[in-house]
A.B. asks: 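One structure follows; several queries about it will come next.
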Amino acid sequence: MFYIHCPYCDEYRDEEEFHPKGQAHIARPEDPETCSDEEWGDYLFFRDNPRGIHHELWVHAIGCRKFFNITRNSASYEILETYRMGERPRFSAEHPQGESAEHGAAVNVADEAGRVADQEGVRA
Amino acid sequence: MQRYSGFGLAKHALSHHENWQRQWRNPTPKKRYDVIVIGGGGHGLATAYYLAKNHGITNVAVLEKGWLGGGNTARNTTIVRSNYLWDESARLYDHSLDLWKGLSQDLNYNVMFSQRGVMNLGHTLQDMRDIQRRVHANRLNGVDSEVILADQIKEIVPIIDTSKNARYPILGASWQKTAGVARHDAVAWGFARAADALGVDILQNTEVTGFKIRDGQVYGVHTNRGDIESKTIGCVTAGNSGVVAKMAGLKLPLESHPLQALVSEPLKPVLDTVVMSNHVHGYISQTDKGDLVIGAGIDGYLGYGQRGSYATVEHTLQAIVEMFPIFSRVRMNRQWGGIVDTCADACPILSKTQVKGLFFNCGWGTGGFKATPGSGHVFAASLAKGEMHPIAAPFSIDRFNTGALVDEHGAAGVAH
């Protein structure tokens, strides 16, 4: 049973309040119409599925209903961090001990948040 | 191989059962094999067996990182059925069911295949429409299947709650009389013993750590017991397929999830068939020993931990008690998890890959046990010929790029 820190509510809540939504940071192709079958199929179906550190998308379904990311070890189930959309993870397969906090904050990538906000019908 | 028989049992009784032959050898790896099968679960062992028996290819190694049948083969709820909706999967699973029927004789090993029937319940009008559609599709494909209504269900399973006042009233079910259960461990052991007798080397505690690939052609594997060469390699590694594929530089359209099951304390015989429900989401049968075997859905997140979450246990048992209020005070004995490799369309992958000579048999997700003999049979034929068997062909990995998915999710009485 996970005890998950929602980065928006800033509270630890029971796993039952959340839903996992699969691998995080999968960018939708900029122009789906021009994708080849390979590119579109890869985007829809092919996943990293690692045994070890994994970034995944979760939603606080019966809480604030916001989406956020978790870095979790898929073998030990240890949750290393939770972070908001658009933020960069400190922990990764390349940096299992975590990058320094300053580094993570300095490279606060607006890219992902921007792409979400730019979508039609999304109000920030 | 010493054949098993009633006479043999009596003979060995005279020597206090101390002189039984080992069921399979424990050979040292050779340098080179005609075919390597990675994964010593049911599907892998069946593949090796049919390679030797049907195709005369006996210079085969099965590489298993742990012990035989220690993964999902030992962790499932042993249900065997073939009432799938689409033509492609009906052919695959019904082919398997045909092989199940003669399997004990074929292997000279009692796999305890018991055709006690499987019912998939419907609790809403839409459920019943879907069941009608699936049963019609089954019958057109020659798969035994019929629709039964609540009073017929009550006749077959007197302890089930078919009252109208239930929160999710049971309206009817699809009923496959020829479906049933089998003894999961015996399936792995039976295939292993029979394959070994035909000359297959079963190498336990042999973990593949990498592939040898030159010019897009595989020619061997690295293992913790040294390098082994072969130009034809079949990966049958279930939940770990993604990890193995990565060693060959491939990515698969799979996600590995924990799927758990549990058994109760042994009870007197009370349930002589298999009851599954998509809607309240649980399935149950009773073993010959008397335990209730209960399963349900996967945990939604990716995981390799071979254990499931408590929340899922609770949901599963809620569903069981909804259908069988009589079980509300049964105590559960054990709970365990297996790692299932799920595809987006809930169908397996039986396929060549971009690497020549490297084949994958994976993605069976939550329902692979029932397919064990059929999967091994068609995969062995594919490895032997280098071309996919016609029954396996629709399950190519290419379907995720061409869009020709076989969408069994929710359509097949798949209770997941």
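The chains referred to below are lettered A, B, ... by the order of the sequence lines, with proteins before strands, and numbering in each begins at 1.
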A.B. asks: Any side-chain heavy atom of B/L405 within less than 4.5 Å of one from A/F45?
C.D. replies: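 Sidechains of A/F45 and B/L405: in contact.
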A.B. asks: What part of A/S76 lies closer than 4.5 angstrom to a heavy atom of chain B: side chain, backbone, both or neither?
C.D. replies: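 A/S76 touches chain B through backbone heavy atoms alone.
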A.B. asks: Tell me, side chain or backbone of A/D42 under 4.5 Å from chain B's heavy atoms, or both, or neither?
C.D. replies: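 For A/D42, backbone and side chain are both near chain B.
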A.B. asks: Between A/N49 (side chain only) and B/S256 (backbone N and O only), is there a donor and an acceptor less than 3.5 Å apart?
C.D. replies: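 A pair under 3.5 Å: yes.
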A.B. asks: Are any non-hydrogen side-chain atoms of B/L254 and A/R47 less than 4.5 angstrom apart?
C.D. replies: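 In short, these two side chains do not touch, never coming nearer than 4.5 Å.
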A.B. asks: Pick one of side chain, backbone, both or neither for A/N73, based on which atoms fall under 4.5 Å of a heavy atom in chain B.
C.D. replies: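 Nothing of A/N73, per the 4.5 Å heavy-atom cut-off to chain B.
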A.B. asks: For the interface with chain B, which of A/W58, A/F2, A/W40 has the highest count of heavy-atom pairs at distances below 4.5 Å?
C.D. replies: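 Top option by heavy-atom pairs under 4.5 Å: A/F2.
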A.B. asks: Less than 4.5 Å apart, any side-chain heavy atom of B/K246 and any of A/R51?
C.D. replies: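 Sidechains of A/R51 and B/K246: no contact.
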A.B. asks: Under the 3.5 angstrom rule, does the side chain of A/R72 hit a backbone N or O of B/L302 as a donor-acceptor pair?
C.D. replies: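 Yes; at least one donor-acceptor contact below 3.5 Å.
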A.B. asks: Please list, chain by chain and in numerical order, all residues satisfying salt bridge (charged side-chain N to carboxylate O under 4.0 Å, His left out) with A/R13, sequence neighbours excluded.
C.D. replies: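 Result, salt bridge (charged side-chain N to carboxylate O under 4.0 Å, His left out) vs A/R13: A/E11, A/E17.
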A.B. asks: Chain B heavy atoms under 4.5 Å from A/E38: which part of the residue, side chain, backbone, both or neither?
C.D. replies: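 For A/E38, the contact with chain B is made by backbone and side chain together.
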A.B. asks: In the structure I gave you, are the side-chain heavy atoms of A/H54 and B/Y301 within less than 4.5 Å of one another anywhere?
C.D. replies: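 Heavy-atom side-chain distance check fails, nothing below 4.5 Å.
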